[in-house]
Amino acid sequence: MHRWLLKSEPGDYAIDDLARDKRDWWTGIRNYQARNFMIHDMHVGDGALFYHSNCAAPGVYGVAKVCAQAATDDTQFAPDSKYYDSKSSPDNPRWRCVQIAFVRKLKKPFLLADMRHIPELEKMLILRRGNRLSITPVSDDEWRLITGDKK
DNA sequence: GCCAACGTTGGC
DNA sequence: GCCAACGTTGGC
């Protein structure tokens, strides 16, 4: 069982959207490293920290979990989608994504500005300068510290 | 809005 | 395969 941090711009898709929808395919990932995490390493039951990026107060706002293994990301074939990929073909889809389910919102967000001051979190990839990877692994200790979960 | 850091593209 | 140019990300 692994744990992850998923970035999303709240203007695009926020934790409240997931709370409303209950579950959603994590479409639109167009980076091979993040895609490979979804295809090879993310499994049903894995936990996910839901992180808001590119916004006034970036940080972890909620908890989700993987509820379905990676499947074809249909947005790659939708010409109207901002995630359309003209070089991908239905015979050989380039992009796949997992489905995630809403678990809960944090009582108060764990902000990036606060994460930076906690020594136990200093190894988190999200804190590395220049980091742009939208899916990153999270250790069990980091998970407990951020979510307050006992295990 | 600024700008550093990064990933991708494409000419060679 | 190299690498400059370009577009994007994302904190500030």
Side-chain angles (χ1 to χ4, degrees), chain A residues 2-21 23-42 46-66 69-139 141-148:
Chain A
H2 292 130
R3 283 157 166 168
W4 307 92
L5 182 146
L6 303 183
K7 273 197 251 186
S8 186
E9 301 192 15
D12 276 355
Y13 196 85
I15 186 68
D16 286 334
D17 295 309
L18 184 61
R20 179 198 62 220
D21 296 341
R23 50 182 60 201
D24 262 306
W25 293 97
W26 203 244
T27 55
I29 302 296
R30 297 292 180 267
N31 166 282
Y32 284 100
Q33 203 177 344
R35 182 203 70 170
N36 292 342
F37 277 142
M38 290 200 284
I39 293 175
H40 301 301
D41 302 315
M42 294 177 79
D46 283 4
L49 301 173
F50 198 110
Y51 179 94
H52 285 184
S53 68
N54 203 12
C55 58
V60 175
Y61 280 71
V63 178
K65 65 182 177 185
V66 176
Q69 293 286 123
T72 301
D73 177 346
D74 292 325
T75 64
Q76 70 196 297
F77 303 125
D80 294 342
S81 169
K82 66 194 264 197
Y83 303 121
Y84 178 65
D85 182 351
S86 61
K87 294 183 187 145
S88 183
S89 77
D91 324 346
N92 186 18
R94 183 179 290 190
W95 306 107
R96 283 194 275 161
C97 61
V98 296
Q99 191 184 48
I100 64 164
F102 178 75
V103 174
R104 64 187 172 88
K105 287 175 75 169
L106 296 189
K107 290 196 183 72
K108 80 180 162 93
F110 207 119
L111 299 179
L112 175 64
D114 298 324
M115 295 168 71
R116 289 199 188 282
H117 294 123
I118 299 179
E120 290 87 342
L121 299 180
E122 68 185 5
K123 295 213 176 97
M124 290 189 76
L125 295 173
I126 192 79
L127 301 182
R128 290 238 188 108
R129 95 192 234 106
N131 166 66
R132 287 165 46 178
L133 191 56
S134 67
I135 298 177
T136 47
V138 171
S139 78
D141 287 342
E142 291 160 353
W143 178 274
R144 282 189 288 266
L145 211 151
I146 291 169
T147 62

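Please read these numbers as outputs of a predicted model, since none were measured by experiment.
Counted within 6.0 Å of CZ on Arg128(A), heavy atoms from surrounding residues, nucleotides or ligands total 12 or fewer; the atom is thus considered open. Atom CZ of Arg96(A) has 12 or fewer heavy atoms from other residues, nucleotides or ligands within 6.0 Å.
Between Arg94(A) and Asp85(A) a salt bridge is recorded (basic side-chain N to carboxylate O distance below 4.0 Å). Ionic pairing of Asp12(A) and Lys82(A) is present here: one or more N-O contacts between side-chain nitrogen and carboxylate oxygen are shorter than 4.0 angstrom.
Of the residues near DNA chain B, Lys87(A) and Gly130(A), the one whose nearest nucleotide (by heavy atom distance) lies more toward the 5' end is Gly130(A).
Residue Arg116(A) is classed as a sugar-phosphate contact, given heavy-atom separations below 4.0 Å to backbone atoms only.
In this structure, Asp114(A) atom CG and dG11(C) atom C1' are separated by 15 Å, rounded to whole Å. When the P atom of dG11(C) is taken as reference, atom CZ of Arg129(A) falls 13 Å away, rounded to whole Å.
For Trp4(A) and Phe50(A), the distance between ring centers is not under 6.0 angstrom.
Leu6(A) places a side-chain heavy atom less than 4.5 Å from the side chain of Met42(A).
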Produce a footprint string for nucleotides 1-9 of chain C: one letter per nucleotide, 5' end first; B if the base is under 4.0 Å from any protein heavy atom, S if only the sugar-phosphate is, - if neither. ------BBS

